[in-house]
Engineer: 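Pasting a structure below so you can have a look.
None of these values were measured; they are calculated from a predicted model.
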Amino acid sequence: MDSPVSKSDASKEKFVGSPRPSTTTPADSKAMRGCGLSNLTWVGVDKVELRQRLMMPEYLRLAMRDCIKRKDSTAIPDHLLLPGGAVADMAPHAPMVVFINPKSGGRHGPVLKERLQLLMSEEQVFDLTEVKPHEFVRYGLACLETVAAKGDECAKECRARLRIMVAGGDGTVGWVLGALGELNKEGKLPIPPVGVIPLGTGNDLSRSFGWGGSFPFAWRSAIKRTLHRASMGPVARLDSWKILVSMPSGEVVDPPYSLKPAEDNELDQGLDAGIDAPPLAKSYEGVFYNYLSIGMDAQVAYGFHHLRNTKPYLAQGPITNKIIYSGFGCTQGWFCTPCVNDPGLRGLRNIMKIHIKKANCADWEEIAVPKNVRSIVALNLHSYGSGSHPWGNLKPDYLEKRGFVEAHCDDGLIEIFGFKQGWHASFVMAELISAIHIAQAAAVRFELRGGDWRDAFLQMDGEPWKQPMSTEYSTFVEIKKVPFQSLMINNE
């Protein structure tokens with residue numbers, strides 16, 4: 001039987017954006033991408049010129065700092081306002097701020113922060129343990145808007161040209177994107193585009209937009225080139241997806257920080273939950289950019305994160321993290337199933353129903369959960385699990401047969417696929433085979449019902465949680481596209 005994956009494309013990494021001409025060999029390009037240096041020009045970047053290109057005038061930097069500190073976008077001392085306002089020519093070509101998660105990247109976070117402050121300015125580098133993204137949006141960006149409203153053309157241009165870099169993992173990038181998304185709701189445009197300095201374990205958002213998969217070894221010189229590329233890179237679009245978890249009100253759950261209590265149960269009324277819906281429900285909502293998964297892979301991730309939180313000294317970097325992660329996979333039955341009679345090791349079809357909405361269709365459609373699938377993933381990006389492409393580069397005739405279209409991260413569709421067990425997932429991740437294709441949809445609803453299973457495990461962009469299940473009523477997990485798209489700086 002012919003594979004649905006094109007043989008010529010099976011081993012290629014696929015990223016958004018048009019390819020850039022390059023004189024490097026494929027092997028060289030792959031090596032640079034793995035170190036976070038893909039498509040960077042190997043010409044030295046002058047530190048003084050870079051600083052002039054990125055650094056905002058001192059009066060604006062200090063005004064933003066004071067507003068954030070006082071949590072008041074209008075608390076601008078008079079001595080920081082120039083009489084009559086500054087002219088537009090004072091604005092740098094590409095004003096930039098950097099958010100850094102010092103807990104990411106092993107021990108590199110603090111030294112990287114110092115290096116960034118030297119290259120730009122202390123006021124334009126924000127430690128996420130001290131300044132949260134929403135505080136910067138609410139008080140820092142708003143400060144520029146306040147100064148611009150007083151006739152300051154420099155502040156106006158800085159606000160319009162602003163770019164943001166995030167030094168951290170996928171979760172940190174999603175945190176910043178979520179805060180910037182509030183600007184869309186308030187109609188405060190333009191939205192600053194975001195680039196990535198990869199400090200996490202998987203770094204799939206970074207890979208998808210050409211920023212590489214790991215922190216570079218020659219990071220001191222690489223950071224200059226990265227900031228230079230970020231100041232001039234083209235802007236690409238990224239879909240984001242809203243998740244709503246609705247469960248019986250008596251259940252207790254400890255959700256990740258990206259899930260917040262929802263005021264209303266906003267499940268799509270076009271699909272009647274019937275008698276399975278609880279009479280009283282509580283809901284949580286959040287947004288993801290990469291993936292949502294349910295099943296064994298999320299259970300392994302949950303165990304890993306619990307260990308990292310209780311014994312942080314064990315997690316010293318991406319390589320160590322991956323070794324520990326693999327160990328959890330072996331001990332929890334993901335690779336070796338010690339007892340098939342254990343309900344926790346059976347397929348998801350025992351506890352799950354899936355309904356989807358296809359593109360340009362208002363009706364919900366139930367689809368079958370494949371037999372023996374123990375993990376189901378709803379994926380937005382091409383890159384998953386540290387750079388793999390489990391959906392695959394599918395042949396045109398297979399796409400037509402299944403009613404699929406070529407997958408992109410800005411097409412308003414999400415890909416749903418499954419893994420049978422750890423060995424199957426390993427072959428998929430090595431891109432020797434493709435995952436079990438389930439659906440391609442514009443909206444998804446998972447319905448979970450307990451029985452022999454007391455808990456399900458879910459993870460969203462690397463943040464896992466344990467989801468209790470009721471034997472009397474269903475728990476619903478609904479995914480819908482956010483109306484607006486995020487903006488990313490593309491380094492491809």
Engineer: What pairs with E145 under salt bridge (Lys or Arg N to Asp or Glu O under 4.0 Å), at least two apart in sequence or on another chain?
Structural biologist: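 By the salt bridge (Lys or Arg N to Asp or Glu O under 4.0 Å) rule, E145 matches R159.
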Engineer: What's the separation between atom CD in E186 and atom CZ in R138, rounded to the nearest 0.5 Å?
Structural biologist: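 That separation rounds to 8.0 Å.
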Engineer: For the residue pair T146 and K150, establish whether any side-chain heavy-atom pair is separated by less than 4.5 Å.
Structural biologist: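 Of all side-chain heavy-atom pairs linking K150 with T146, at least one is under 4.5 Å.
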Engineer: Please enumerate all residues that pass side-chain contact (heavy atoms from CB on, under 4.5 Å) together with A435, with sequence neighbours excluded.
Structural biologist: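 So A435 forms a side-chain contact (heavy atoms from CB on, under 4.5 Å) with P390, F417, F419, V428.
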Engineer: Apply ring pair (Phe, Tyr, Trp, His ring centres under 6.0 Å) to F457 and list each qualifying residue two or more places apart in sequence or on a separate chain.
Structural biologist: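 So F457 forms a ring pair (Phe, Tyr, Trp, His ring centres under 6.0 Å) with Y302.
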Engineer: Within the structure provided, determine whether V477 and L292 are in side-chain contact (heavy-atom separation under 4.5 Å).
Structural biologist: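 A side-chain contact under 4.5 Å exists here.
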Engineer: Below 6.0 angstrom between ring centroids: does that apply to W465 and Y284?
Structural biologist: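 Centroid distance W465-Y284: not below 6.0 Å, so no.
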Engineer: Applying side-chain contact (heavy atoms from CB on, under 4.5 Å), name anything that partners K69, two or more places apart in sequence or on another chain.
Structural biologist: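 K69 satisfies side-chain contact (heavy atoms from CB on, under 4.5 Å) with no residue once adjacent residues are dropped.
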Engineer: Flag the pair W211 / I489 as yes when at least one side-chain heavy-atom distance between them is below 4.5 Å, and no otherwise.
Structural biologist: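 They are in side-chain contact.
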Engineer: Using a cut-off of 6.0 Å, state whether more than 12 heavy atoms not belonging to K224 lie near its atom NZ.
Structural biologist: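 Yes - once you tally the heavy atoms of other residues, nucleotides and ligands closer than 6.0 Å, there are more than 12.
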Engineer: Between I243 and L259, does the side chain to side chain contact (heavy atoms under 4.5 Å, CB included) criterion hold? Intermediate values first, please.
Structural biologist: CA-CA 9 Å; I243 174 176; L259 277 183; 4.0 Å; yes
Engineer: Please check this pair: side chain of Q124 against backbone of S121, looking for a donor-acceptor N/O pair closer than 3.5 Å.
Structural biologist: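 The answer is no, because no donor-acceptor pair under 3.5 Å joins these two groups.
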Engineer: F209 and A236: which non-hydrogen atoms are nearest, and at how many Å?
Structural biologist: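 Scanning both residues, the minimum pair turns out to be CE2-CB, 3.8 Å.
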Engineer: Where do S206 and V196 come nearest, in terms of heavy atoms and distance?
Structural biologist: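 Shortest heavy-atom contact: CB-CG1, 3.7 Å.
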Engineer: Could you tell me if the side chain of L238 sits less than 4.5 Å from the side chain of L205, heavy atoms only?
Structural biologist: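 Contact flag for L205/L238 side chains = yes.
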Engineer: What distance do R161 atom CZ and S231 atom OG have between them, rounded to the nearest 0.5 Å?
Structural biologist: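 One finds 12.5 Å between CZ of R161 and OG of S231.
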Engineer: In Å and rounded to the nearest 0.5 Å, what is the CG to CE distance from L60 to M64?
Structural biologist: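 Those atoms lie 8.0 Å apart.
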Engineer: For Y291, give me all partners under side chain to side chain donor-acceptor pair (under 3.5 Å), at least two apart in sequence or on another chain.
Structural biologist: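 Checked Y291 against side chain to side chain donor-acceptor pair (under 3.5 Å); matches are Q459.
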Engineer: Do any N or O atoms from the side chain of E182 and from the backbone of V137 form a donor-acceptor pair under 3.5 angstrom?
Structural biologist: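 Absent.
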Engineer: Output yes when a side-chain donor or acceptor of Q440 lies under 3.5 Å from a complementary backbone atom of V405, and no otherwise.
Structural biologist: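 Answer holds: yes.
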Engineer: Quick one: side chain to side chain donor-acceptor pair (under 3.5 Å) partners of K113, sequence neighbours excluded?
Structural biologist: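 Once residues adjacent in sequence are excluded, the partners of K113 under the side chain to side chain donor-acceptor pair (under 3.5 Å) criterion are D127.
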Engineer: Check N203 against G213 and note the closest heavy-atom contact, atom names and distance.
Structural biologist: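 Shortest heavy-atom separation between N203 and G213 comes out as ND2-O, 2.9 Å.
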Engineer: Tell me, do V176 and V173 make a side-chain contact under 4.5 Å, heavy atoms counted?
Structural biologist: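 No. Closest side-chain heavy atoms not under 4.5 Å.
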Engineer: Mind listing the closest non-hydrogen atom pair of P190 and A160 along with its distance?
Structural biologist: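 Heavy-atom minimum between the residues: CG-O, 3.9 Å.
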Engineer: To the nearest 0.5 Å, tell me how far S293 OG sits from L458 CG.
Structural biologist: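 Those atoms lie 7.0 Å apart.
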Engineer: Below 4.5 Å, heavy atoms only, C-beta onward: do R53 and L227 meet side chain to side chain?
Structural biologist: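 No, every pair of side-chain atoms sits at 4.5 Å or beyond.
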Engineer: Could you give me the CA-CA distance, side-chain angles and deciding distance for Y384 and V377, then say whether side chain to side chain contact (heavy atoms under 4.5 Å, CB included) is met?
Structural biologist: CA-CA 10 Å; Y384 170 81; V377 181; 3.7 Å; yes
Engineer: Please determine if K480 and D268 form a salt bridge, counting it only when a charged side-chain N lies under 4.0 Å from a carboxylate O.
Structural biologist: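 A salt bridge is present here (some side-chain N lies under 4.0 Å from a carboxylate O).
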Engineer: Before you tell me yes or no, could you show the steps for V97 and M56 under side chain to side chain contact (heavy atoms under 4.5 Å, CB included), namely the whole-Å CA-CA distance, both residues' side-chain angles and the distance that decides it to 0.1 Å?
Structural biologist: CA-CA 10 Å; V97 299; M56 289 182 277; 4.2 Å; yes
Engineer: Is a side-chain N or O of S240 found less than 3.5 angstrom from the main chain of Y289, in a donor-acceptor match?
Structural biologist: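 No; zero donor-acceptor contacts below 3.5 Å.
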Engineer: Which distance, rounded to the nearest 0.5 Å, do you find between the SG of C143 and the CD1 of I76?
Structural biologist: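 Nearest 0.5 Å value for the SG-CD1 distance: 4.0 Å.
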Engineer: Could you tell me if the side chain of F288 sits less than 4.5 Å from the side chain of E463, heavy atoms only?
Structural biologist: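 Heavy-atom side-chain distance check fails, nothing below 4.5 Å.
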Engineer: Quick one: does any side-chain atom of H382 pair with a main-chain N or O of A407 as donor and acceptor, under 3.5 Å?
Structural biologist: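 Here the side-chain-to-backbone pair exists.
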Engineer: Please report the shortest heavy-atom distance between M165 and I197, naming the atom on each side.
Structural biologist: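 Closest pair (atom of M165, atom of I197, distance): CE-CG1, 3.8 Å.
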Engineer: According to side chain to side chain donor-acceptor pair (under 3.5 Å), does anything in residues 162-172 pair up with another residue at least two apart or in another chain? List the pairs.
Structural biologist: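 Only N101-T172 qualify under side chain to side chain donor-acceptor pair (under 3.5 Å).
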Engineer: Answer yes or no: are there more than 12 heavy-atom neighbours, outside K260 itself, under 6.0 Å from its atom NZ?
Structural biologist: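 Yes - once you tally the heavy atoms of other residues, nucleotides and ligands closer than 6.0 Å, there are more than 12.
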Engineer: Using only atom types and a distance under 3.5 Å, with no angle test, would you say the side chain of R207 pairs donor to acceptor with the backbone of G202?
Structural biologist: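 Indeed, once roles are kept as given, a pair shorter than 3.5 Å links the two residues.
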Engineer: Treating N290 as the side-chain partner and D461 as the backbone partner, does any N or O pair qualify as donor plus acceptor under 3.5 Å?
Structural biologist: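 Checked: no pair found.
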Engineer: Mark yes or no for whether D204, through its side chain, and S386, through its backbone, hold a donor-acceptor pair below 3.5 Å.
Structural biologist: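 Answer holds: yes.
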Engineer: Does A442 have any side-chain contact (heavy atoms from CB on, under 4.5 Å) partners at least two apart in sequence or in another chain, and if so, which?
Structural biologist: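 Once residues adjacent in sequence are excluded, the partners of A442 under the side-chain contact (heavy atoms from CB on, under 4.5 Å) criterion are L413.
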Engineer: Applying ring pair (Phe, Tyr, Trp, His ring centres under 6.0 Å) as the test, list every pair that has at least one member in residues 112-133; sequence neighbours left out.
Structural biologist: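 For residues 112-133, and leaving out neighbouring residues, the ring pair (Phe, Tyr, Trp, His ring centres under 6.0 Å) pairs sorted by first residue read F99-F126, F126-F136.
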Engineer: Go through it in stages, so that I can follow the logic: the residues are H437 and L394, the test is side chain to side chain contact (heavy atoms under 4.5 Å, CB included), and I'd like the CA-CA distance, side-chain angles, deciding distance and then a yes or no.
Structural biologist: CA-CA 11 Å; H437 300 124; L394 306 181; 3.5 Å; yes
Engineer: Do any N or O atoms from the side chain of R51 and from the backbone of M120 form a donor-acceptor pair under 3.5 angstrom?
Structural biologist: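 Here the side-chain-to-backbone pair exists.
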Engineer: Between N380 (side chain) and D239 (backbone), is there a donor-acceptor pair under 3.5 Å?
Structural biologist: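 Here the side-chain-to-backbone pair exists.
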Engineer: Taking atom CZ of F484 and atom CG of L189, what is their separation to the nearest 0.5 Å?
Structural biologist: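 Going from CZ on F484 over to CG on L189, the span is 10.5 Å.
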Engineer: With a 4.5 Å cut-off on side-chain heavy atoms, are C409 and S208 touching?
Structural biologist: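 No; the side chains remain at least 4.5 Å from each other.
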Engineer: Got a sec, which residues hit ring pair (Phe, Tyr, Trp, His ring centres under 6.0 Å) with W364, two or more places apart in sequence or on another chain?
Structural biologist: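 W364 satisfies ring pair (Phe, Tyr, Trp, His ring centres under 6.0 Å) with no residue once adjacent residues are dropped.
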Engineer: Within a radius of less than 6.0 Å around NZ of K156, do more than 12 heavy atoms belonging to other residues, nucleotides or ligands occur?
Structural biologist: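 No, not enclosed.
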Engineer: If you take all heavy atoms of N491 and G210, which pair is closest and at what distance?
Structural biologist: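 Shortest heavy-atom separation between N491 and G210 comes out as ND2-O, 3.0 Å.
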Engineer: Using the side chain to side chain contact (heavy atoms under 4.5 Å, CB included) rule, pick out the option among L162, I164, I68 that qualifies with L141.
Structural biologist: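 Among L162, I164, I68, the one meeting side chain to side chain contact (heavy atoms under 4.5 Å, CB included) with L141 is L162.
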Engineer: Sorted by first residue and then second, give each salt bridge (charged side-chain N to carboxylate O under 4.0 Å, His left out) pair with at least one member in residues 55-67; sequence neighbours left out.
Structural biologist: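 Residue pairs passing salt bridge (charged side-chain N to carboxylate O under 4.0 Å, His left out), neighbours aside: R61-E123.
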Engineer: With sequence neighbours left out, what residues match D46 under side-chain contact (heavy atoms from CB on, under 4.5 Å)?
Structural biologist: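 Partners of D46 by the side-chain contact (heavy atoms from CB on, under 4.5 Å) criterion, ordered by chain and then number, come out as V48, E49.
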